[in-house]
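Everything below concerns the one structure shown next.
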2 protein chains.
Amino acid sequence: MNKREKSNTLAAIEELRGLIFSGELPADSNHLESELATRLGMSRTPVREATLVLAGEGLLEVRPRKGVRICAISAREMSEIYEVLTALECLAARTAALAGHPQSKLASLEGCILKMEQATKIDDRVAWSKADEDFHNALISLGGNAHLQRIVLNFNDRVRRARNLTLHRRPLPTKSNEDHRALYDAILRGDGDTAEAVHRAHRTHTRELLTAILEKHGLKRV
Amino acid sequence: MNKREKSNTLAAIEELRGLIFSGELPADSNHLESELATRLGMSRTPVREATLVLAGEGLLEVRPRKGVRICAISAREMSEIYEVLTALECLAARTAALAGHPQSKLASLEGCILKMEQATKIDDRVAWSKADEDFHNALISLGGNAHLQRIVLNFNDRVRRARNLTLHRRPLPTKSNEDHRALYDAILRGDGDTAEAVHRAHRTHTRELLTAILEKHGLKRV
DNA sequence: AAATTTGTTAACGTATACATTAAATGAATG
DNA sequence: CATTCATTTAATGTATACGTTAACAAATTT
């Protein structure tokens, strides 16, 4: 068993990211480097390095002498980020379709669709959400643009908490499932225009839905 | 005179970025933390922090025990990055047009166009390049999506060296100037579809032009 | 000679000490 | 009372020491 130890810096990055996603470090909360260091059981140095990295990812801000602040998302920002995600995923959808992938290469997509449909039947929203994210990531992979992929992954991280919050307040995602299948069909047919159009409609709808939920529930900063 | 001192970490980030842009730290070159620290006249700590930040920006890679490597751009990557830039700037162009900005708000755009036209007349490519970048940044600003803006700025940084290399090997950018003016007109008219279409054609053309130049001159890693 | 092992070196990762400086507190002044 | 200024405090920014470990070289074995 090649049990390879990670450096504390990498561990701190992962741990802090996890604490942010889970809400244990809540949006807009502030934390001193020394607190975090104690919490993670290491010295300030690797924690400091981790906060720099996470600041670059937009998950927190380093505010000297006020502590590290966990970035909150407003409905406005959610909308902005979804706009970017829409533009990039639609590009990936078109590229994926035009690449002429054989059905075998699209197995991951179809697998996710099946999982989403299963999850919807029993209203398991957490499982649906997981499969949905996997689907979107698989789509981006098929697009084949590594730089695009990186941004999309990062932007998904930024809205992760907000999306989780809306997950149980949104209608059953049956419409989403239909959209995904339509996209899959378009990619399989090699129809780039349709793939892009279908996905744009899907993402735009989701954006409007989720921002409306945030606003309706008064979730100013999530 | 509020001469506010910057931290060494911030200074190191800026200095290293400058050294990378200028080519003093060439693409694919490797540098130990201690070397860089000596070079910048500070200890390893702030240099290390700076390299983490710049790694997040994709300007370099931290490779333990092999030194920090300056990221090189291949024609393929150039193309990928321009694809992303195209998607995002086209979105910004559409949004800017639909926002119905009065002519006064578009003064910065027009100023850049004039500068580009002037520079083209006397074949001052450096001045043209500067005005071109200003134009694109102004466009992104008008789009009003701060998250989108951040990515575009970063991606421009990543291709900066490559773009500078092609600057003197490309044809006179008279076509670009026409494109910019057509985009300006569309935004002024509030014509989102045209703004997006014009800019997509412009960016796509530029992408093909620049990647072709890189390949033609055998510039594998820039 | 090729491959494996061992030893050496030097770069990194981390803790820590300390200098620096922004913020907070309280005193002094108008 | 509000304001300014000095003082204190505590968190950060930086240098540095040192243990750890990957890379390289030398030595040994097959």
Side-chain angles (χ1 to χ4, degrees), chain A residues 1-20 24-72 221, chain B residues 1-20 24-72 221:
Chain A
M1 286 207 298
N2 188 0
K3 185 177 178 180
R4 162 183 301 270
E5 292 284 340
K6 265 179 304 196
S7 75
N8 280 354
T9 300
L10 291 181
I13 292 172
E14 276 189 26
E15 287 196 57
L16 289 177
R17 207 188 268 124
L19 292 171
I20 292 171
E24 289 172 81
L25 297 178
D28 273 337
S29 62
N30 298 290
H31 310 273
L32 299 178
E33 289 176 5
S34 45
E35 287 175 27
L36 294 175
T38 305
R39 183 165 189 166
L40 301 187
M42 57 186 74
S43 77
R44 273 177 54 220
T45 305
V47 170
R48 222 179 119 80
E49 294 181 347
T51 61
L52 283 172
V53 170
L54 295 173
E57 295 180 10
L59 296 183
L60 53 79
E61 281 175 323
V62 175
R63 303 190 314 158
R65 286 160 213 288
K66 301 198 169 171
V68 162
R69 165 191 283 183
I70 310 304
C71 284
R221 304 186 61 76
Chain B
M1 290 199 298
N2 191 358
K3 186 175 177 180
R4 162 184 301 271
E5 291 284 338
K6 265 179 305 197
S7 75
N8 280 354
T9 300
L10 291 181
I13 293 172
E14 276 190 26
E15 288 196 57
L16 288 177
R17 207 187 269 125
L19 291 172
I20 292 170
E24 288 172 81
L25 297 178
D28 273 338
S29 62
N30 299 288
H31 309 274
L32 300 176
E33 288 176 5
S34 44
E35 285 177 27
L36 294 175
T38 305
R39 182 165 189 166
L40 301 187
M42 57 186 75
S43 77
R44 273 177 55 220
T45 305
V47 170
R48 223 179 118 80
E49 294 181 347
T51 61
L52 283 171
V53 169
L54 295 173
E57 295 180 11
L59 296 183
L60 52 80
E61 281 175 323
V62 175
R63 304 190 313 158
R65 286 160 212 287
K66 301 197 172 174
V68 161
R69 166 190 282 182
I70 309 303
C71 284
R221 304 186 61 75

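This structure is a prediction, so every number in the text was calculated from the model and none was measured.
Between B:R39 and B:E15 there is no salt bridge, since no side-chain nitrogen of the basic residue lies less than 4.0 Å from a carboxylate oxygen of the acidic one.
Following rounding to the nearest Å, B:L36 (CG) and C:dA11 (P) show an atom-to-atom distance of 12 Å. For the pair A:L10 CG and C:dC12 P, the computed distance is 15 Å after rounding to whole Å. Atom P of nucleotide C:dT20 and atom CG of B:N8 are separated by 12 Å, given to the nearest angstrom. Per the geometry, CG belonging to A:L32 stands 15 Å off C1' belonging to D:dG13, to the nearest Å. Atom P of nucleotide D:dT21 and atom NZ of B:K66 are separated by 18 Å, given to the nearest angstrom. Summarising the geometry, the separation between CZ on B:R69 and C1' on C:dA11 is reported as 17 Å, rounded to the nearest angstrom. One can place NZ of B:K6 at 18 Å from C1' of C:dT21, the figure rounded to the nearest angstrom. Atom-to-atom, CG of A:N30 to P of D:dA11 comes out at 13 Å; the value is rounded to the nearest Å.
Distances shown here put a side-chain N or O of A:T9 below 4.0 Å from the OP1 or OP2 atom of C:dT14.
Put simply, the side chain of B:R44 and the base of D:dT14 share no donor and acceptor less than 3.5 Å apart.
The minimum heavy-atom distance linking B:V47 with B:S43 is given by the pair CG2-O, 3.6 Å. Nearest heavy-atom pair across B:C71 and B:A27 is O-CB, 4.3 Å.
Each of B:T38, B:T45, B:L40 was scored for a side-chain contact (heavy atoms from CB on, under 4.5 Å) with B:M42, with one residue passing: B:L40.
For A:R65, taking side-chain heavy atoms from C-beta onward, the closest of the listed nucleotides C:dC12, C:dT20, C:dT16 is C:dT20. Taking every side-chain heavy atom of B:E33 into account, C:dG13 is the closest of D:dA15, C:dG13, C:dA11. For A:P64, taking side-chain heavy atoms from C-beta onward, the closest of the listed nucleotides C:dG13, D:dG13, D:dA11 is D:dG13.
Across all strands shown, A:T45 has heavy atoms under 4.0 Å from base atoms, whether or not it also approaches the sugar-phosphate.
Between B:L59 and B:I70, the closest side-chain pair of non-hydrogen atoms is not below 4.5 Å.
Each of B:G41 and A:G67 was assigned the nucleotide of DNA chain D with the nearest heavy atom; the assignment lying further toward the 5' end belongs to A:G67.
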